[in-house]
Amino acid sequence: MHWRSLRFLFLGLVAPALASPGPSFENTAIVRTVDLGGSVVHVTTTYAIKATKPGAKVYTIALGLEEKEKTSWLEVKVKGQQEPLELEHYPLDSSRNFHLADVKLPKALALNASLNLVLETLQTHATTPYPKEASQKEDQALKYSTDLFVLSPYHTGVQRTKLKALTPRIISHTTPANVQEFILDAPATKQGATVTYGPYNDIPASTNEKFIKAHQQPITAHYFHEQPVLEIADLKRSAEISHWGNNLNIEDNLVLHNAGPSLKGHFSRLEHQSQAFFKRAAPHALPALTLHLPPGISNTYYYDLVGNVSTSHLRVAPAAPKGQRSNRYSVLELRPRYPILGGWNYSFTLGWDAPLSDSAVYDRKTGRYIVEVPILTPVPGAVVNKAELSIVLPEGATDVEFSPPFPALENRLSTHTTYLDSTGRPKLTFEYENLTVMHAQSIFVSYKVPLAAHLTKPFVVSVAFFSVFVLAIVTRRINLTIHKEKTL
Ligand SMILES: *[C@@H]1O[C@H](CO)[C@@H](O)[C@H](O)[C@H]1NC(C)=O
Ligand SMILES: *[C@@H]1O[C@H](CO)[C@@H](O)[C@H](O)[C@H]1NC(C)=O
Ligand SMILES: *[C@@H]1O[C@H](CO)[C@@H](O)[C@H](O)[C@H]1NC(C)=O
Ligand SMILES: *[C@@H]1O[C@H](CO)[C@@H](O)[C@H](O)[C@H]1NC(C)=O
C-alpha cells in the first residue's frame, strides 16, 4: 500500500516534466522527408528551432515507438555541419508510447536565437511487398507506413511530411482524418513522385496521450519499386592478420535474400533472357551485384555451393602509395549462375588478400600494432539482418584492445587454433543485427607481439597515415576501455 502510493506520487511528480520539459524551445518548422526504398528507408527530419528561454542547450527529439523499433541508425547534426551532436536516449518506459532523446546543442542559445537541426535515420525492414507474390512478368509494388505527425514536446509553427518514391508511379496513399484544425488546404497532395502531408499549422506539444489519441494516425504509401529488395540474411566475415606474409585475408560467407514479392509460378530462363534483351528485366529479379572492395587486393575468389563462379568481373584499383590512404576502390561485379528472384536465397563465399601494411601501423613508443578491419562491404540498398565478424590475430598476440565505431550486440575474445600454430591465435568475435551502409565502418584492433621487432619493417609509414589510426583510437578511448573490460 505504502509502496504503491509512493510510486504514484513519484510518477505524479515526474510525468508532467517529461511531457513538457519546460518549453525552452519552439519549432518554427519541421520538415520530414522519407525516401521510399526497398529494405532500407532513409528519413531526414529538419527542425527549425527557436529558444524561448535564454541559455537553452538541450533539445529533446521524439520518435514513435514503432518508428524507433525500425530505426537501425540515427544521427543528429546542426544543418551544414559534419560533426554529429551528442545524444542521450531516455530509458524504455512502457507508460509512454513514444521514445525520447536529448540532443546536446553545440552551445547554449540566447533568447529568440534559432538553429536548424537535422535528424537522419535509416529504417530497416520497414516496407512490405504488396501483392505478396508476382510472376516473372509482373511489376513489384511495396507498402510503407509511418505516423502522420512528427511528435515533439514543443509547439510547432508548421509541419510537413514528404514521402518520395523513385518514380511517380505511386498507386495509393492515405488521406488523414481529424486534422482540420491544422490545415487551410488539402491534408495530403501528390505531385509527381512525392506525396506531401501538410502544411499543418500551429501544432501544440504532441508528446502526450491527449494529442496522440486525437490526431496521431498511420499513413501508408503503396508504390512501384523498380529495384530488387535485397537483404543479407546472414553475413559471416572472417579477417585473418598475418605478419609473416604481410597479409590481411578477408573472407565473407553470405546468404543473400531477395525480400521482394515471392515468385509466382516457375522461373523461365527464356522469359528472363527475352526480358533482358528488350531491357525490361523484372524489377524484382537480381541478375548481378556490384561491390566496392579495397584497392590493391589480390587472390580474389568467389564461389557458391556448386563451385567457382566464372562469370564475375573484377577491376582492381592500384594500392595506395606507401604511407597514404586511397579513396579508390576495386570494383567487383558478381554475376550469380541464375538471377535471384523474389523469395529466393543465394549463398556464396567471397574473399581476398590485401597487404597488411595498407591497414596496419606499428607504434614504436607503446610497442603496439594497430590494425583497421572493416566490419562489412556494403551491398547497395541492402540491410544485413545478422552479421558476425571474427578477427584472428597473429599467434602469441597479447594485450588485445579494440575500438568499435558503435557497440556490438555481443563481443568476445577466444582462441583460434590451426595445425600450424602451437599456442593458438587470439580471436575477437563481434555480433550485430540490422546493419546498413552507414555501419560500413572499421574496428581498430591493437595488440603486442613479443619479440617481433624484425617484423616491423612493412609498418614504417608516414606520420600522416599513422595519425588517422591514432585519432580513431583516441576519439574512441572510452569505448575501448569499456569493451575491453567486457571481454576479459
Ligand atoms: C523575443 O521574441 C518575442 C516575440 O517574438 C519578443 O516579444 C521579444 O521582445 C524578443 N526578445 C528578445 C530579447 O529579442
Ligand atoms: C577455383 O578456381 C581456383 C583458381 O582458378 C582454384 O585454385 C580453386 O581450386 C577452384 N576452387 C573450386 C572450389 O573449384
Ligand atoms: C533464406 O535464408 C534465411 C536465413 O538463412 C532462412 O531463414 C530462410 O528460410 C531461407 N529461405 C529459403 C526460401 O530458403
Ligand atoms: C532487427 O530487425 C528485426 C526485424 O525488424 C527485429 O525483429 C530485431 O529486433 C532487430 N534487431 C535489433 C538488435 O534491433
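Quick note: numbers below take in every heavy atom, side chains included, and nothing from hydrogens, waters or symmetry partners. Atoms within each ligand, like the ligands themselves, are counted from 1 in listed order.
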Self-check item: Test of ring centre spacing under 6.0 Å for H99 and Y90
Solution: no

**Q.** Check: H439 ring centre within less than 6.0 Å of Y432 ring centre
**A.** no

Practice prompt. Decide whether an N or O pair under 3.5 Å exists between H257 and ligand 3.
Written response: no

Is the distance between the ring centroids of F211 and F149 less than 6.0 Å? yes

With sequence neighbours left out, the residues meeting side chain to side chain donor-acceptor pair (under 3.5 Å) with R169 are D139, E226

A student checking ligand 3 against G343 at a 4.0 Å heavy-atom cut-off should list atoms 13 (C)

Within 4.0 Å of some non-hydrogen atom of A233, the atoms of ligand 3 are 4 (C)

Show me the short polar-atom pairs for ligand 1: any N or O of it lying under 3.5 Å from a protein N or O, with distances only.
| from | atom 1 | to | atom 2 | distance (Å) |
| --- | --- | --- | --- | --- |
| ligand 1 | 2 (O) | N112 | OD1 | 3.1 |
| ligand 1 | 2 (O) | N112 | ND2 | 2.2 |
| ligand 1 | 11 (N) | N112 | ND2 | 2.9 |
| ligand 1 | 14 (O) | N112 | ND2 | 3.1 |

For the pair Y197 (side chain) and T174 (backbone), establish whether a donor and an acceptor sit closer than 3.5 Å, ignoring hydrogens and angles. yes

Run the ring-centre check on F402 versus F444 and record whether the distance is less than 6.0 Å. no

Ring-face cation contact, Y144 with K70, 6.0 Å cut, 45° max: yes

Got a donor-acceptor contact below 3.5 angstrom from the T436 side chain to the V384 backbone? no

task: Check whether any N or O atom of N434, backbone or side chain, sits under 3.5 Å from an N or O atom of ligand 4, and answer yes or no.
output: yes

